[in-house]
Amino acid sequence: MRAQIQQPRTGGRILRNGAFVALPLVVILSAVADPTLGRELLQWVPYLASGFMMNVVIALSAMTLGTVVGALFGMLSLAPFRLVRYPVAAYVQLFRNAPHLVLIFATTYIFPFEIVIYGTYLPFPDWVKAVIGLAIPASAYVAEITRGAILSIPTTQWEAAKGLGFSHGQALRWIILPQCLRRSLPPWMNVLASITMGTALASLVGVHELLHAATDASTAVRRLDFTIIAYLVVMAAFFTLCYPISRLTRRMEGRFHAA
Amino acid sequence: MPDFNVTDLFVSLTSRIGLNYEFLSTGYEAQIWRDGFATTLFLIVLLIPVSLVFGLVFAACLTSGRLWLSVPVRAFVEVTRNTPTLVQLMFSFLVLNTFVSSLVGGVQNNPLSPFFWVVAVVGLHIAALHAEAIRAGIEAVPASTVEAARGIGFSPLQILRYVEVPLAFRASLPAIVNNLINLVKLTTVGNAIAVSEITYASIMVWTQRDNVVSLMIVILLFFSLINFVVARLGLWVERRLAVPGYGL
Amino acid sequence: MPSKTPIKSLFALAMSICALSATTASADATLDRIKARGTLTVGVILSGAPFGFIDPKTQEQKGFNLDIAKGLADDLGVKLETVTVTPPNRVQFLQQGKVDILIANMQYTEERAKVLGYVPTAYDRAGGAAIGRKDSGLKDWAGLKGKTACVSQGSNYTQPLIEEYGAQVKALPSQPESLLALQGGNCDVAVHVGATLGLLLQDRPEEWKDYAILFPTELIPSDSVIWLRKGEADTTAALDATVKKLHASGKILEFAKANRLLSTEYLQQQQKALSAAQ
């Protein structure tokens with residue numbers, strides 16, 4: 001059995017590392033093949049890079065916000081009071097099932113552009129709205145993951161901890177949480193990858209991120225081959241960011257199953 | 001006629017609580033919006049079987065043990081999983097489509113519509129996710145069961161057809177249902193290439209009027225409802241197919 | 001949004017995770033705010049030369065719309081701040097108060113005038129042109145019945161194309177996508193502001209050699225006006241005076257020539273009429 005699976009995996013490994021350089025390679029090759037195209041592309045690299053930074057910032061902020069809120073909601077969804085549980089369950093249901101794009105449209109067009117807190121004007125820029133638009137579904141997924149992780153720990157462990165003289169808080173800190181974290185890390189990283197790729201949707205509401213920058217560039221250059229390369233660059237950039245995440249996730253999943 | 005009265009009543013009732021659905025009593029905007037719902041539903045109904053069929057094909061390739069089958073499929077799966085679907089869609093529609101046009105000798109011969117590209121990109125993307133789920137399911141089929149099937153003289157294809165796939169399908173069903181919910185949500189990217197699904201239709205309405213909130217409430221409820229139905233159906237299938245004694 | 005209805009507020013509140021003691025900024029006295037802040041925030045569209053695009057070398061925004069925005073800000077004695085908008089989000093950005101005014105290829109239509117305010121003196125006159133393959137056999141707008149036309153989402157050509165000419169409209173996020181869709185064969189024609197298409201054909205003859213602007217007449221030629229939120233009389237008056245001044249001094253005509261606008265007849269007329277009036 002093991003030998004049977006091993007065979008394609010070795011081939012797979014070569015391919016996996018190959019895939020990692022293939023997309024950027026296509027971009028570089030075509031840039032070299034046509035020097036005018038390469039020069040044009042080189043001119044736009046800083047502009048595209050600033051766009052990609054925005055993707056990274058949005059993804060990280062949305063995940064941070066989503067994880068904090070989601071973990072809290074996940075614990076609340078196990079609270080012994082219906083008054084707490086039901087609204088949380090409704091929130092998770094509604095926003096887990098809502099398309100990311102619709103939520104980004106909603107936060108962009110419904111929130112004001114600035115807010116007033118005690119007389120000071122705080123700007124509320126688009127990219128922050130996109131962060132919230134992506135943090136909402138992220139928090140719904142994380143709530144589900146947290147809930148699942150807590151439920152997956154058998155109650156006997158709580159009892160055993162109590163038997164060993166741990167207080168409730170100590171048991172949570174030293175016994176339950178470490179196991180929860182280990183179990184929820186792979187699905188959490190799936191959410192991370194999904195949110196990172198979701199940042200491209202922000203281009204549709206005019207946030208200056210990579211896809212938007214690529215459209216700006218191809219509007220200015222107005223060359224068909226440049227447009228093609230621009231899209232390839234966008235794909236390669238996202239791939240370079242998300243592929244390591246997904247490989248790491250699979251490694252961890254494998255380890256978790258083996259353990 | 002009664003239809004008109006209901007619409008008017010709805011518009012006036014909702015306007016009292018501050019929502020604006022006035023466009024429902026106009027001509028082409030109301031038509032676009034109604035078509036939007038229909039298109040979204042049609043996309044979903046079409047995409048579910050498409051994604052499942054290709055998911056099975058991909059899974060068969062991945063587990064075939066033949067490099068010339070598994071390597072290209074694995075490469076496709078990795079690219080589609082790790083790049084944004086919106087970018088894939090734009091790339092396919094704007095770049096691949098142009099290539100297809102020049103292959104068939106001019107744009108006038110190119111039969112591929114934006115609708116086709118949404119079905120292809122979203123369908124194959126979800127199929128890749130299905131394939132991963134099914135592959136995990138196939139690997140979870142106990143080796144002893146496969147040995148037993150081989151022992152009673154099943155060919156490799158028969159083992160796949162009668163032993164591995166039925167068991168793997170059951171094991172991967174929760175993941176598949178999850179993918180289908182993602183599929184429903186992904187149909188919204190179609191608006192970027194003018195497929196008249198519900199978000200596209202709503203953009204057409206709200207760019208001429210200022211009623212984003214009103215439309216957004218309906219869209220969110222609509223997607224919640226669809227995904228509730230999909231999840232329920234998934235659960236129903238899961239129960240129907242449950243093999244006694246083979247639980248996960 | 002000056003009138004926040006209960007449902008809207010409730011929904012916005014439900015959407016926001018941390019419900020701070022936040023209130024919407026009142027957006028009524030735009031002129032006061034422009035003066036107080038010392039900046040005029042203009043929504044501009046980057047749909048390509050001549051109206052608005054990013055300069056490859058400096059990566060700054062350039063174009064006719066940008067020049068006019070600069071002219072307005074200079075005249076008001078404030079700094080200019082620009083926000084890039086797209087056809088599907090421009091009205092929302094204005095309504096939210098994210099931008100003070102829009103100079104974004106938006107022509108006057110009755111429908112728009114119902115929801116938005118506008119500066120009565122136009123800064124240009126523009127209509128839609130249809131670009132399509134030379135061998136398409138299309139001769140006039142009426143020939144579009146049943147044909148597919150690509151436009152931008154939120155374009156004012158959508159309604160006349162559907163209702164008057166019976167065309168199938170496909171609306172894409174912005175003009176570049178629409179033109180790529182045309183090249184890919186996904187539509188019979190693409191309908192956009194005439195000047196952009198004319199300049200495109202002139203500048204890229206090789207890539208567009210099979211294409212032409214098909215019809216001699218323009219679709220709903222109308223005034224390009226500056227849009228602002230409804231009911232802001234002071235701002236409207238101030239901007240109207242400024243636009244008149246820019247016309248009279250020949251500045252707008254200068255901008256048009258610098259940005260290679262193909263037809264400047266209307267602007268020349270305006271300059272004559274307004275400089276005579278002063």
Quick check: do B:F93 and C:L172 have side-chain heavy atoms less than 4.5 Å from each other? yes
Taking the side chain as every heavy atom from C-beta outward, state whether B:I193 and C:E177 have any atom pair closer than 4.5 Å. no
Show your reasoning for whether side chain to side chain contact (heavy atoms under 4.5 Å, CB included) applies to B:L94 and C:Q183. CA-CA 9 Å; B:L94 300 174; C:Q183 281 175 312; over 6 Å; no
Which atom names give the shortest non-hydrogen contact between [X] and [Y], and what distance separates them?
X	Y	value
C:P173	B:A192	CD-O, 2.8 Å
C:Q92	B:V212	NE2-CG2, 3.4 Å
C:N186	B:P114	OD1-CD, 3.4 Å

Does [X] [atom1] have over 12 foreign heavy atoms under 6.0 Å away?
X	atom1	result
C:R204	CZ	yes
B:Y21	OH	yes
B:F116	CZ	yes
C:K145	NZ	no

Chain B contact via C:I162 - side chain, backbone, both or neither, heavy atoms under 4.5 Å: side chain
Check each atom of C:T148 against the heavy atoms of chain B and say whether the ones under 4.5 Å are side chain, backbone, both or neither. neither
Engaged part of B:L112 at the chain C interface, taking heavy atoms whose separation is under 4.5 Å: backbone
Taking atom CZ of B:F115 and atom NZ of C:K170, what is their separation to the nearest 0.5 Å? 12.0 Å
Within residues 194-205 of chain B, contacts to chain C at heavy-atom distances under 4.5 Å involve B:A194, B:Y200, B:I203, B:M204
